[in-house]
**Q** 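Right, I'll just put the structure down here and ask away after.
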Amino acid sequence: MVRRAVSVAAVVATVVLIGGWLAVYSGLLGGPTPSPALSQGPPSSPSSASRPPIASQTPSTPSPIATPIDTNIHANAVVVPIRSADLAMSISGVVSTVYVHPNDQVIGGALLLKLDQTKYLSDIQVASAAVDQAQAAVDNATLAVEQLPADATTDQVNAAQAALRLANANLELAHQQSSAAQAALRQTELRSPIAGTVASIDVTTGEQVNAGQTIASVGDFTTWLVETTDVSELDVVRVAVGDRATITFTALPGVEETGVVDSIEPRGTDNNGEINFAVTIQPDTYLPQLRWNMSATVSIVPTS
């Protein structure tokens with residue numbers, strides 16, 4: 001009886017040792033195996049179990065849009081009339097009469113002002129008297145030749161004919177002096193070379209003016225043009241008459257006009273070492289709000 005009890009105790013001890021050894025060994029191998037209930041989480045529905053796993057999606061970055069290259073020619077410009085003239089006297093003098101005012105309409109050849117003509121009228125009188133005297137001398141010399149007697153000697157004939165030639169030469173000189181006096185008188189008058197509007201008249205009666213001094217301007221405002229001020233020599237070679245352009249005006253915000261290249265200046269202007277060319281653009285429509293020398297910008301679409 002005692003021997004059986006000892007055997008049972010030995011078996012129990014052996015089982016305990018084996019269990020402990022297995023527990024330690026399983027820990028060394030990676031710990032206890034989790035139960036299916038803990039690893040699976042909450043039960044899923046039958047429909048979700050049959051669906052394939054959804055892959056995570058990373059937001060895509062949009063491709064950049066290429067900016068088109070601007071090949072237009074951009075320039076500053078001013079508004080000018082289709083025809084214009086800055087006027088000056090060719091001689092100096094004192095203004096005697098002014099016939100027009102700013103904004104007056106004039107025709108081609110209209111008299112705008114004149115200088116004091118006293119001296120020039122006197123010169124004309126002297127020249128006219130000289131013509132009369134020379135003409136009388138010619139008449140006398142002609143009569144002398146006609147009245148030569150039939151028996152006149154060769155010397156008498158030659159002398160009479162020489163006197164007539166001299167009289168004719170003096171008459172021609174007197175006519176030239178008279179024409180010069182008339183031309184000088186015309187130089188005291190300032191006339192408009194074109195039909196248009198008087199933009200400015202900068203002198204008054206009694207004022208002294210100098211030859212070459214701009215004292216008046218006239219413009220034809222029936223059509224406006226836009227003239228560039230800084231198209232470089234590198235850009236002007238790409239511009240051709242007929243090219244299209246857009247125009248904006250500093251004084252008219254929000255207004256954009258279209259036009260066409262009308263002309264290109266053949267000779268450039270040296271601006272501190274840079275050669276610029278004036279390109280003239282004619283707008284497609286007439287804008288009555290425009291004024292002479294208003295500032296503008298243009299964008300020309302070159303054909304080449």
**Q** Sub-3.5 Å donor-acceptor pair from the side chain of S179 to the main-chain atoms of H175, do we have one?
**A**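 Present.
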
**Q** Could you go through the side-chain contact (heavy atoms from CB on, under 4.5 Å) check for N210 and Q208 one step at a time?
**A** CA-CA 7 Å; N210 298 320; Q208 173 74 32; 4.2 Å; yes

**Q** Quick one: OG1 on T246 to NE2 on H74, what's the gap to the nearest 0.5 Å?
**A** 8.0 Å

**Q** Hey, are the side chains of I275 and V236 touching, using non-hydrogen atoms and a 4.5 Å cut-off?
**A** no

**Q** To the nearest 0.5 Å, what is the distance between CG on D235 and CD1 on I300?
**A**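 Between D235 CG and I300 CD1, I get 8.5 Å after rounding to 0.5 Å.
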
**Q** Run the side-chain contact (heavy atoms from CB on, under 4.5 Å) test on L290 and L252 for me, step by step, so that the C-alpha distance in whole Å, both residues' side-chain angles and the decisive distance to 0.1 Å come before the verdict.
**A** CA-CA 9 Å; L290 297 181; L252 301 176; 3.9 Å; yes

**Q** State plainly whether one hydrophobic cluster holds both V209 and V100, where clusters connect Ile, Leu, Val, Met, Phe, Trp and Tyr through side-chain heavy atoms under 4.5 angstrom apart.
**A** yes

**Q** Can a donor-acceptor pair be found, under 3.5 Å and without considering hydrogens, that links the side chain of S299 to the backbone of N72?
**A** no

**Q** Is V145 reachable from L166 through a run of hydrophobic residues whose side-chain heavy atoms are each under 4.5 Å from the next?
**A**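 Different clusters.
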
**Q** If we ignore hydrogens and angles and just use 3.5 Å, is the side chain of E207 paired with the main-chain N or O of T204 as donor and acceptor?
**A**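 Checking the backbone N and O of T204 against the side chain of E207, a donor-acceptor pair under 3.5 Å is found.
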
**Q** Looking only at non-hydrogen atoms, find the nearest pair between P102 and I201 and report the distance.
**A**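 Looking at all heavy atoms of both residues, the closest pair is CD-CG2, 3.6 Å.
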
**Q** Is it true that a side-chain atom of N158 and a backbone atom of T154 form a donor plus acceptor pair closer than 3.5 Å?
**A** yes

**Q** Under a single-linkage definition using a 4.5 Å side-chain heavy-atom cutoff for Ile, Leu, Val, Met, Phe, Trp and Tyr, are V218 and L225 assigned to the same hydrophobic cluster?
**A**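 No, separate clusters.
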
**Q** Using 0.5 Å steps for rounding, measure from the CD1 atom of I124 to the CD atom of Q177.
**A** 13.0 Å

**Q** Are a donor atom and an acceptor atom from the side chains of N168 and E172 found within less than 3.5 Å of each other?
**A** no

**Q** Tabulate below the donor-acceptor pairs under 3.5 Å that side-chain atoms of residues 79-95 make, not counting sequence neighbours, or state none.
**A**
unit_1	atom_1	unit_2	atom_2	d
R83	NH2	D220	OD2	2.4
S92	OG	A211	N	3.0

**Q** Mark yes or no for whether S192, through its side chain, and I194, through its backbone, hold a donor-acceptor pair below 3.5 Å.
**A**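 Such a contact is found between S192 side chain and I194 backbone.
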
**Q** Q161 versus L148: any side-chain heavy-atom pair under 4.5 Å?
**A**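 No, side chains not in contact.
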
**Q** I'd like to know if V131 and V126 are part of one continuous hydrophobic network [Ile/Leu/Val/Met/Phe/Trp/Tyr, side-chain heavy atoms within less than 4.5 Å].
**A**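 Shared cluster, no.
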
**Q** First locate atom CG of N170, then atom CD of Q135, and finally report the distance between them rounded to the nearest 0.5 Å.
**A**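 Spacing of CG (N170) from CD (Q135) equals 12.0 Å.
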
**Q** Between Y286 and W224, how do the two ring planes meet: parallel, tilted or perpendicular, split at 30° and 60°?
**A** parallel

**Q** Would you give the length of the straight line joining atom CD1 of I247 to atom OG1 of T258, rounded to the nearest 0.5 angstrom?
**A** 7.0 Å

**Q** Give a yes or no on whether N103 atom CG has more than 12 heavy-atom contacts from other residues, nucleotides or ligands under 6.0 Å away.
**A**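 Not buried by this count: 12 neighbours or fewer within 6.0 Å.
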
**Q** Taking V138's backbone N and O only, do any of them form a donor-acceptor pair with T142's side chain (distance below 3.5 Å, no angle check)?
**A** yes

**Q** What about V298 and V260, same hydrophobic cluster or not, with Ile/Leu/Val/Met/Phe/Trp/Tyr joined at side-chain heavy-atom distances under 4.5 Å?
**A** no

**Q** Identify the two heavy atoms, one from Q289 and one from M294, that lie closest to each other, and give their separation to 0.1 Å.
**A** O-CE, 3.6 Å

**Q** Kindly give the heavy-atom pair with the smallest separation between F277 and R267, and that separation in Å.
**A**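 Heavy-atom minimum between the residues: CE2-C, 3.8 Å.
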
**Q** For the CG atom of L185 and the NZ atom of K119, what is their distance to the nearest 0.5 Å?
**A**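 Between atom CG of L185 and atom NZ of K119 there are 11.0 Å.
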
**Q** Do we see a donor-acceptor contact under 3.5 Å between the side chains of T153 and D155?
**A**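 Their side chains do not contain a donor-acceptor pair, so the 3.5 Å distance test is not met.
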
**Q** For the residue pair L171 and A134, what are the closest heavy atoms and their distance?
**A** CA-CB, 3.4 Å

**Q** Hey, is the main chain of H101 close enough, under 3.5 Å, to the side chain of D104 for a donor-acceptor pair?
**A** yes

**Q** Heavy-atom count check: over 12 atoms from other residues, nucleotides or ligands less than 6.0 Å from Q176 CD?
**A**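 Atom CD in Q176 is packed in, count exceeds 12.
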
**Q** Show the nearest heavy-atom pair for residues S178 and A127, with the distance to one decimal.
**A**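 Taking every non-hydrogen atom into account, CA-CB, 3.5 Å.
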
**Q** I'd like to know if the side chain of R238 reaches the main chain of T71, judged simply by a donor and an acceptor atom lying under 3.5 Å from each other, with no hydrogens or angles considered.
**A** yes

**Q** With side-chain contact (heavy atoms from CB on, under 4.5 Å) as the criterion, how do I215 and L113 come out once you've worked through the C-alpha distance, each side chain's angles and the decisive distance to 0.1 Å?
**A** CA-CA 10 Å; I215 55 177; L113 64 84; 3.8 Å; yes

**Q** Just by distance, no angles: are the side chains of D243 and T303 close enough, under 3.5 Å, to form a donor-acceptor pair?
**A**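 Yes - a donor-acceptor pair under 3.5 Å links their side chains.
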
**Q** When you measure from the side chain of S96 to the backbone N and O of L115, does any donor-acceptor pair fall under 3.5 Å?
**A**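 Between the backbone of L115 and the side chain of S96 there is a qualifying donor-acceptor contact (under 3.5 Å).
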
**Q** Just wondering, do Y120 and Q187 contact through their side chains at under 4.5 Å, heavy atoms?
**A**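 Counting from C-beta outward, Q187 and Y120 never come under 4.5 Å.
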
